Amino acid sequence: MNYFAGEYDVAVIGAGHAGIEAALASARLGCKTAVFTINMDAVGNCPCNPSIGGTAKGHLVREIDALGGEMGKTADECFLQSRMLNRGKGPAVHSLRAQIDRRKYSDTMKHKLELQENLELRQAEITDIEKVDGGYKITTQMLAEYKCKAVIIATGTFLGGKIYVGEVSYESGPDGMFPATKFAESLKKLGLPLRRFKTGTPARVLRRSIDFSDLEVQKGDEPPQPFSYETESLGENKVDCHISWTNDATKQVILENIHRSPMYSGKIEGVGPRYCPSFEDKIMRFRDKPRHQLFIEPCGENTEEMYLQGMSSSLPEEVQLKFYKTIKGLENCVIMRPAYAIEYDCVDPTAMNPTLEFKDLPNLFGAGQFNGSSGYEEAAAQGFVAGVNAALKVLGKEPLVLTRSNSYIGTLIDDLVTKGANEPYRMMTSRSEYRLVLRQDNADERLTPVGYEIGLISEQRYQKFLQRQEMKKAEINRLKNTSIAPNDELNEILVSRETAPLATGIREYTLLKRPQLNYSIIKKFDENAPNLPNDIVEQIEVEIKYEGYIQKQLKQVEQVKKLESKALPSDFDYKEITGLRLEAQEKLNKIKPLNIGQASRISGVSPADISVLLIWLATKKGN
């Protein structure tokens, strides 16, 4: 028999990367919050790669931190090795990636939840949700009932989870944990549009069974760079990673056994991630490619498990062992955990507003892989936004809506709720049309004021942020007004770097625009140059060298803001507008865009349809 167990302002279902950020944000904003997890030992679990960040994902972590979230700080506390990716390319795509101790990360996040005021961490499987007056009633497997003003669903891959390894399949969550099966049925009854997605993970291999002698060593950056703007130093890198390659023998094993892959035998119905395919999928898609790279990465300081990045698979365990052993360094490898694929339920994200609240179910929010995304960082970003908005809704305050023009988080959410996800969505720098102004180095400049206004950035941190901004502005102004005279030593450096020597004096600002030079070179010839932190120097260089491109993008941002300032009604039937094509009417009625800008990004809504909408809005205002 069910029993009433308590009330909360906000309940978070799931304590993965989305659930953690959601719960912490809600509690820190003053709401009585509970986070429910099937297994408390799996809080903040990293069931796939033992790393945080990466291309575009590092941007998300920096933005979460700038807003007052937790992922970046905890990654810094648990880091093993840190590397800045894409250093050989432009600053828009520089992205930080850190190897982390996955168990330490989980333990650290769990403890932070336990210590957080206004927050209760509970081990319980939620099996039912029901809309009631004043919010929702959720029920656990132990028949406990809780009344909640707002609920955030962050179920990851647990919802209807099913594991596949060759011919074997069984209901399960990741890492051998229980799945959430009853809750999926309850969500369907509530009217949520669910679908099946699939993802996978590589095997974990015993360290001492690997021959590292002929493998390429991949060391971290020195000094390692932190994610969080509050982390002053990381110390030294603690581990090395290694690189190996597949070969023709590896490919042959896959081709001989492809019929045993549940992806190709038709057993798996869920749609998999295009940009993180299984190894057998890589072989089938790119048969002409002679080899594929893999990274051998440690899972932690106190474990002998090694992660084989780039080698996820759902082939039978004996086939996995056979193709791993064809790879240099893995000839005698011992598999500790076999690779597997997992199929799970998620929702169509177009059913949500940019606040991540469901349009037809007020005070119900979704976050993370439940929303059709993939990746720890994408999940944490959505969890933060959902947690903030659930709390703001309960407190009767205006919602937080991040935009494409101010953040990668805004781009991620706009893509999901406007365009939907036909496959697990992964953030990439190419998804942002404003990536030169949305760099990871200026995330604090873009978003710390937002976090401060919400109430998640402390006064002390905000004042420190303002001081750093003033340091940057002052130095840029100084460079604009300081000249440097030609001299033999400087000209020798200029010539050696294949740039023209100086014949007359030149402003340091102008000299720094040359791509062959950097701030440290110019500083040698300026006795009045201040000693600035490296990250501020980096921002100064980028802003000066790319000034013209940045100004061009800022103008584009202003044009988009004009479209986004033209609000559209949320309860209007677009079939009433003459001149809109039938497809546009259907798409607009489904998405219910907040403004003209969002409407213009909906697939199936043409520029001609936008013109009709603008005329209709102008006529409406005229009346």
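As the structure is a computational prediction, the values presented were derived from the model and not from experiment.
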Query raised in the report: Quick one: does Arg431's side chain have a donor or acceptor within less than 3.5 Å of a partner on Arg426's backbone?
Result: yes
Query raised in the report: Does a side chain donor of either Arg404 or Ser407 reach within less than 3.5 Å of an acceptor in the other side chain?
Result: no
**Report entry** Residues Glu564 and Lys561 bridged, charged N to O under 4.0 Å
**Finding:** no
Requested in this report: Assert yes or no for the condition that the ring centre distance of Tyr344 to Phe158 is strictly below 6.0 Å.
Outcome: no
Query - Within 6.0 Å of CD in Gln123, more than 12 heavy atoms from elsewhere - result: yes
Query raised in the report: Which residues pass the salt bridge (charged side-chain N to carboxylate O under 4.0 Å, His left out) test with Arg102, sequence neighbours left out?
Result: Asp175
Report task. Start with the C-alpha distance between Cys78 and Thr108, add both sets of side-chain angles, then the distance that settles side-chain contact (heavy atoms from CB on, under 4.5 Å), and finish with yes or no. Result -> CA-CA 8 Å; Cys78 305; Thr108 302; 3.7 Å; yes
Requested in this report: May I have the step-by-step check of side-chain hydrogen bond (donor to acceptor under 3.5 Å, both in side chains) for Ser95 and His59, ending in yes or no?
Outcome: CA-CA 6 Å; Ser95 294; His59 291 66; 3.2 Å; yes
Query raised in the report: Would you call Glu558 and Lys562 a salt bridge, taking side-chain N to carboxylate O under 4.0 Å as the test?
Result: no
Requested in this report: Go through Leu24 and Leu113 one step at a time and tell me if the side-chain contact (heavy atoms from CB on, under 4.5 Å) criterion holds.
Outcome: CA-CA 7 Å; Leu24 289 173; Leu113 291 178; 3.7 Å; yes
Query raised in the report: Quick one: do Glu445 and Lys472 make a salt bridge, cutoff under 4.0 Å?
Result: yes
Requested in this report: Go through Lys590 and Asp348 one step at a time and tell me if the side-chain contact (heavy atoms from CB on, under 4.5 Å) criterion holds.
Outcome: CA-CA 11 Å; Lys590 179 185 178 184; Asp348 178 355; 3.5 Å; yes
Query raised in the report: Is the count of non-hydrogen atoms from other residues, nucleotides or ligands lying under 6.0 Å from Glu230 atom CD greater than 12?
Result: yes
Query raised in the report: Got a salt bridge between Arg601 and Asp415, using NZ or NE/NH1/NH2 to carboxylate O under 4.0 Å?
Result: no
Query - Asp101 side chain to Lys104 backbone, donor-acceptor under 3.5 Å - result: yes
Query - Test item: side-chain donor near acceptor, Asn2 and Glu145, under 3.5 Å - result: yes
Query raised in the report: Hey, does the side chain of Lys238 reach the backbone of Gln81 with a donor-acceptor pair shorter than 3.5 angstrom?
Result: no
Query raised in the report: Is it the case that Asp414 and Thr418 place a side-chain donor and acceptor less than 3.5 Å from each other?
Result: yes
Report task. Mind checking side-chain hydrogen bond (donor to acceptor under 3.5 Å, both in side chains) for Tyr164 and listing every partner two or more places apart, or none if nothing turns up? Result -> Glu343
Report task. Decide yes or no on side-chain contact (heavy atoms from CB on, under 4.5 Å) for Arg204 and Thr201, but give the supporting numbers first. Result -> CA-CA 9 Å; Arg204 298 341 184 247; Thr201 187; 3.1 Å; yes
Query raised in the report: Checking Ser26 side chain against Ala391 main chain: does a donor-acceptor pair fall under 3.5 Å?
Result: no
Query raised in the report: If you measure only the distance, is there a donor-acceptor pair under 3.5 Å linking the side chains of Gln382 and Glu378?
Result: no
Query - Flag if over 12 foreign heavy atoms under 6.0 Å of CG, Asn302 - result: no
Requested in this report: Answer yes if the side chains of Ser186 and Asp128 hold a donor-acceptor pair under 3.5 Å, and no otherwise.
Outcome: yes
Report task. Could you check if a side-chain atom of Arg446 sits within less than 4.5 angstrom of a side-chain atom of Leu438, using non-hydrogen atoms only? Result -> yes
Query raised in the report: With no hydrogens and no angle check, is any side-chain donor or acceptor of Asn363 less than 3.5 Å from a backbone partner on Ala150?
Result: no
Query raised in the report: Can Lys112 and Thr74 be said to form a side-chain hydrogen bond (donor to acceptor under 3.5 Å, both in side chains), step by step?
Result: CA-CA 9 Å; Lys112 288 182 178 182; Thr74 305; 2.8 Å; yes
Query raised in the report: Can you check whether Gly69's main-chain N or O pairs, donor with acceptor, with Lys73's side chain at less than 3.5 Å?
Result: yes
**Report entry** Enclosure of Asn589 CG (heavy-atom neighbours >12, cutoff 6.0 Å)
**Finding:** yes
Query raised in the report: Is there side-chain contact between Val417 and Gln598, with at least one heavy-atom pair below 4.5 Å?
Result: yes
Query raised in the report: Is any side-chain heavy atom of Glu7 closer than 4.5 Å to a side-chain heavy atom of Cys148?
Result: no
Query - Short side-chain donor-acceptor distance under 3.5 Å, Gln440 and Tyr408 - result: no
Query - CD (Glu398) with more than 12 external heavy atoms under 6.0 Å - result: no
**Report entry** Note: Glu185-Lys188 ion pair, threshold 4.0 Å (strictly below)
**Finding:** yes
Query - Pair His17 + Tyr105: ring centers closer than 6.0 Å - result: yes
Query raised in the report: Does Ser405 have any side-chain hydrogen bond (donor to acceptor under 3.5 Å, both in side chains) partners at least two apart in sequence or in another chain, and if so, which?
Result: Thr403
Query raised in the report: Is it true that atom CZ of Phe178 has more than 12 heavy atoms of other residues, nucleotides or ligands lying nearer than 6.0 Å?
Result: no
Query - Tyr434 six-ring centre to Arg439 NZ/CZ under 6.0 Å and within 45° of normal - result: no
Query - Distance under 6.0 Å and angle within 45° of ring axis: Arg62 vs Tyr229 - result: yes
**Report entry** Any donor-acceptor pair under 3.5 Å from Lys359 side chain to Thr350 backbone
**Finding:** yes
**Report entry** Donor on one side chain, acceptor on other, Thr231 and Asp76, under 3.5 Å
**Finding:** yes
Query raised in the report: Does the pair Ser373 and Asn371 meet the rule for a side-chain hydrogen bond (donor to acceptor under 3.5 Å, both in side chains), with working shown?
Result: CA-CA 6 Å; Ser373 65; Asn371 288 357; over 6 Å; no
Query raised in the report: Less than 6.0 Å separating the ring centroids of Tyr146 and Tyr136?
Result: no
Report task. Could you check if a side-chain atom of Ile457 sits within less than 4.5 angstrom of a side-chain atom of Val450, using non-hydrogen atoms only? Result -> no
Query - Donor-acceptor side-chain pairing of Arg97 and Ser51 below 3.5 angstrom - result: yes
Report task. Verify, without hydrogens or angle tests, whether Arg461 (side chain) and Gly68 (backbone) share a donor-acceptor contact under 3.5 angstrom. Result -> no
Report task. List the steps and the verdict of side-chain hydrogen bond (donor to acceptor under 3.5 Å, both in side chains) for Tyr574 and Glu586. Result -> CA-CA 8 Å; Tyr574 286 92; Glu586 291 174 352; over 6 Å; no
Query raised in the report: Just wondering, do Cys31 and Leu395 contact through their side chains at under 4.5 Å, heavy atoms?
Result: yes
Query raised in the report: Are a donor atom and an acceptor atom from the side chains of Gln225 and Ser82 found within less than 3.5 Å of each other?
Result: no
Query - Backbone of Val239 reached by a side-chain donor or acceptor of Asn237 within 3.5 Å - result: no
Query raised in the report: Is there a side-chain contact between Thr37 and Leu121, using heavy atoms and a 4.5 Å cut-off?
Result: yes
Requested in this report: Using atom types as modelled and distance alone, determine if a side-chain donor or acceptor of Lys147 lies under 3.5 Å from a backbone N or O of Ile138.
Outcome: no
Requested in this report: Taking the side chain as every heavy atom from C-beta outward, state whether Lys131 and Leu361 have any atom pair closer than 4.5 Å.
Outcome: yes
Query - Asp9: which of Lys149, Lys393, Lys32 passes side-chain hydrogen bond (donor to acceptor under 3.5 Å, both in side chains) - result: Lys149
**Report entry** Side-chain heavy-atom pair Leu187, Phe370 within 4.5 angstrom cut-off
**Finding:** yes
